[in-house]
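Every chain is numbered from 1, with letters handed out A, B, ... down the list of sequences. Being a predicted model, the structure only gives us computed values, none of them experimental.
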2 protein chains.
Amino acid sequence: MAEKFPESTKNECLARMLTVRDALDVISGKWKILIIISIMSGNKRFREIERSIPKISSKVLAKELKDLEEHQLIKRRVYDESPVLVEYTATDYVFTLEKVIEELHNWGANHRKKILEK
Amino acid sequence: MAEKFPESTKNECLARMLTVRDALDVISGKWKILIIISIMSGNKRFREIERSIPKISSKVLAKELKDLEEHQLIKRRVYDESPVLVEYTATDYVFTLEKVIEELHNWGANHRKKILEK
DNA sequence: GCAACTGCTTACATTTAGGTAACTGCTTAC
DNA sequence: GTAAGCAGTTACCTAAATGTAAGCAGTTGC
């Protein structure tokens, strides 16, 4: 099989890696993309998000939500009614990840098909 | 912000998650995509790949290469010359990941720009 | 007045990934 | 003959991620 980037110098290869790593640093991990999908799908409340993702624990969810908020991928709003109501929503910025998620979804579907065919 | 998948039922949301997870199970981790990029860029020999990826160790590289081979993303060939020569190359299948990698790269570049702007 | 829901936090344990360094058997170059 | 390269393996260790379980302060419903 021919190489994909035949023209690439070592530095170009390295630059490509570092850039991809920048992305992975933010969105990799077992849960982040799943949480983003859940919120993009309209789940807003903590327990709602928690129930939508199989096997996630409150602890992990709380931590990941903080991470995502720090990276401005989601917004946390507290409405001081009683009882206190908390809502997580998608930011504009998280929509820049749409294509990444779409491609991951396409590839996942394709890969599953491949596995089952064997 | 409006939700991205407003029409989606709980089951659709779940299906989307599971499919994306299938993809992540194969390609997530600190090193896999970087190794794929290295091999796609034309690096073939173990030491060559090792040198192309900053801070990776032989142990981790060996393990990840086995994983990638199992998933048929790369091909390992042993030429029984003396000394033994081993070559890792990209399979056709790994090219189905091209778009995923491209989108990760785009997003990483964009994200870096965003961070620096602040 | 008791169970159940909310949005979490805490303590503790285990699992997994990853790092470090040494070492192997073989070969070539000086 | 000795250093250095090749393609790894092995043993040991640390750190990070994740799991488990319980609890809390407040509210609602029966």
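- Heavy-atom distances to DNA chain D give each of A:Ser58 and A:Gly29 a nearest nucleotide, and the one nearer the 5′ end belongs to A:Gly29.
- Scanning atom types as modelled, one donor and one acceptor separated by under 3.5 angstrom connect the side chain of A:Lys59 and the base of D:dT18.
- Not counting sequence neighbours, B:Glu103 has no partner by the salt bridge (charged side-chain N to carboxylate O under 4.0 Å, His left out) test.
- Taking atom CD1 on A:Ile56 and atom C1' on D:dA17, their separation rounds to 13 Å, with Å as the unit.
- Between A:Glu87 and A:Lys44 there is no salt bridge, since no side-chain nitrogen of the basic residue lies less than 4.0 Å from a carboxylate oxygen of the acidic one.
- In this structure, B:Arg51 reaches the D:dC6 phosphate: one of its side-chain N or O atoms is under 4.0 Å from OP1 or OP2.
- Relative orientation of the A:His111 and B:Tyr93 rings is parallel, given thresholds of 30° and 60° on the angle between their planes.
- Proximity of A:Lys30 to the phosphate of D:dG19: a side-chain N or O atom is located under 4.0 Å from OP1 or OP2.
- Taking side-chain N and O atoms only, B:Arg47 has no distance below 4.0 Å to OP1 or OP2 of D:dG8.
- In this structure, CD1 of B:Ile35 is placed 13 Å from P of D:dG8, rounded to the nearest angstrom.
- For C:dC8, one of the phosphate oxygens OP1 or OP2 lies less than 4.0 angstrom from a side-chain nitrogen or oxygen of A:Tyr88.
- Atom pair B:Lys55:NZ and C:dG18:P shows a separation of 15 Å (rounding to whole Å applied).
- The pair A:Glu50-A:Arg47 counts as a salt bridge, with a side-chain nitrogen and a carboxylate oxygen less than 4.0 angstrom apart.
- Nearest nucleotide to the A:Arg45 side chain, out of D:dT9, D:dA7, C:dT6: C:dT6.
- Between A:Lys44 atom NZ and C:dG7 atom P there is a gap of 13 Å when expressed in whole angstrom units.
- Atoms CG (B:Leu85) and P (D:dA7) sit 6 Å apart, rounded to a whole Å.
- Between the CG atom of B:Leu65 and the P atom of C:dG18 there is a distance of 14 Å, given to the nearest Å.
- A distance of 5.5 Å separates CD1 in B:Ile37 from CD1 in B:Ile101, rounded to the nearest 0.5 Å.
- Every stem involving DNA chain C, taken as at least 3 paired positions in a row under the Watson-Crick or G-U wobble test at 3.5 Å, is listed here: C:1-30 with D:1-30.
- With B:Trp107 as reference, A:Thr96 is the one residue of A:Thr19, A:Thr96, A:Asp22 to meet the side chain to side chain donor-acceptor pair (under 3.5 Å) rule.
- Comparing D:dC6, D:dT28, C:dT20 against the side chain of A:Pro83 picks out D:dT28 as the nearest.
- Rounded to a whole Å, the OH atom of A:Tyr79 is 13 Å from the P atom of C:dG7.
- In terms of phosphate contacts, B:Arg77 brings no side-chain nitrogen or oxygen within less than 4.0 Å of OP1 or OP2 of D:dA7.
- B:Glu12 places a side-chain N or O within donor-acceptor distance of the main-chain N or O of B:Thr9, the cut-off being under 3.5 Å.
- The nearest whole Å value for the distance from the CH2 atom in B:Trp31 to the C1' atom in C:dA17 is 11 Å.
- A donor-acceptor distance shorter than 3.5 angstrom exists from the side chain of A:Thr91 to the backbone of A:Gln72, with no hydrogens or angles considered.
- Comparing B:Glu64 and A:Val84 by the nucleotide of DNA chain C that holds the closest heavy atom to each, the one mapping nearer the 5' end is A:Val84.
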